[in-house]
Amino acid sequence: MASRVERTPFSDWLWTVDRLMLLALVALMLAGIIFSLAASPPVAARLGLDAFFFVNRHIMYLIPAIVVMLAVAFLSPRGIRRLALIVFIVSLALTAATLFYGAEVKGARRWLVLAGVNIQPSEFLKLATIVWIAAWLSQLRPEQKSIRDFMMPAGVGALVALLSVLAGGDLGTGLIFMMFTAG
């Protein structure tokens, strides 16, 4: 166990991490594996695949997700703001690209195939937008807030809402973003 006197990145993280949230995330990950074990073998058998194909795939994607989660947990607030801006710009471009190059599934163009992996960039865009808008608004001083300070986040939210509707046919997300940025 790390001491509070120790000043290493790991000990700082260990003493500041929300342990209940971390425990809840681990429980969700384990529940996902258990649900995959219970539900996916019949589907895999019907498709002529190995019985644990989807379980193995689930775990294969879970490992890099844990690595990314821990890497982001060690970032400073400034690093998180920078990362959110980078992810926002890249995912905005990729979401716009789905309009032209996306694979159509059930009438929606949500997916891009990059290096043999299907990626839904709108999911990254939604998260990055919320973090970026929160960072933008947190830098405003309460006594200096004006309507102009809220125009940039509102415009960004409207753009994300429009792309969500156009690229994914996701009217619900579009409406949520419009309400989020209007409120």
Side-chain angles (χ1 to χ4, degrees), residues 1-30 32 60-98 110-112 114-115 117-168 170 172-183:
M1 189 63 150
S3 166
R4 285 190 187 262
V5 179
E6 248 182 85
R7 299 304 301 183
T8 64
F10 177 74
S11 66
D12 288 343
W13 174 80
L14 188 63
W15 289 108
T16 58
V17 71
D18 185 348
R19 289 189 183 100
L20 286 176
M21 180 70 74
L22 190 60
L23 182 66
L25 284 171
V26 169
L28 280 172
M29 290 175 193
L30 291 174
M60 181 182 73
Y61 286 121
L62 190 61
I63 292 169
I66 291 169
V67 171
V68 169
M69 179 185 72
L70 291 175
V72 170
F74 279 95
L75 289 176
S76 67
R78 185 177 185 185
I80 290 173
R81 285 192 300 267
R82 287 180 178 173
L83 179 64
L85 182 60
I86 291 167
V87 170
F88 173 77
I89 291 168
V90 170
S91 59
L92 184 69
L94 290 175
T95 302
T98 60
R110 293 185 179 138
W111 300 89
L112 285 177
L114 300 173
V117 177
N118 292 339
I119 295 177
Q120 190 174 1
S122 63
E123 294 300 319
F124 296 101
L125 178 63
K126 289 184 262 188
L127 178 62
T129 302
I130 291 168
V131 172
W132 183 80
I133 289 175
W136 174 279
L137 295 176
S138 70
Q139 293 176 352
L140 299 176
R141 291 195 175 101
E143 66 275 0
Q144 295 177 339
K145 287 183 182 176
S146 70
I147 192 69
R148 289 182 308 198
D149 296 328
F150 295 96
M151 291 178 80
M152 174 71 119
V156 167
L159 178 63
V160 170
L162 180 67
L163 275 175
S164 293
V165 171
L166 291 177
D170 193 357
T173 299
L175 291 174
I176 287 171
F177 262 96
M178 287 309 297
M179 289 188 299
F180 172 70
T181 55

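Predicted model, so just to flag it, every value in this text is computed and none were measured.
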| field | Those residues that, when tested against Leu162, pass side-chain contact (heavy atoms from CB on, under 4.5 Å) (two or more places apart) | value | Leu166

| Other residues, nucleotides, ligands: >12 heavy atoms within 6.0 Å of Leu28 CG | yes

| query | Just wondering, more than 12 heavy atoms not from Met21 lying within 6.0 Å of its CE? | reply | no

| field | With sequence neighbours excluded, residues passing side-chain contact (heavy atoms from CB on, under 4.5 Å) with Ala93 | value | none

| Partners passing side-chain contact (heavy atoms from CB on, under 4.5 Å) against Phe124 (at least two apart in sequence or in another chain) | Val87, Ser91, Ile119

| Side-chain contact, heavy-atom cut-off 4.5 Å: Trp111 with Thr98? | no

| field | Nearest-0.5 Å distance that lies between atom CZ in Arg82 and atom CH2 in Trp132 | value | 15.5 Å

| query | Looking only at heavy atoms, which two atoms of Ile80 and Val131 are closest? And how far apart? | reply | CG2-CG1, 4.1 Å

| Residues in side-chain contact (heavy atoms from CB on, under 4.5 Å) with Ala135, at least two apart? | Arg81

| With respect to Leu92, which candidate in Val156, Leu125, Thr129 satisfies the side chain to side chain contact (heavy atoms under 4.5 Å, CB included) definition? | Leu125

| query | Where is the tightest heavy-atom contact between Thr95 and Ser122, given as atom of each residue plus distance? | reply | OG1-N, 3.5 Å

| remark: In Val67, Val72, Ile66, the residue satisfying side chain to side chain contact (heavy atoms under 4.5 Å, CB included) with Leu70 is Ile66

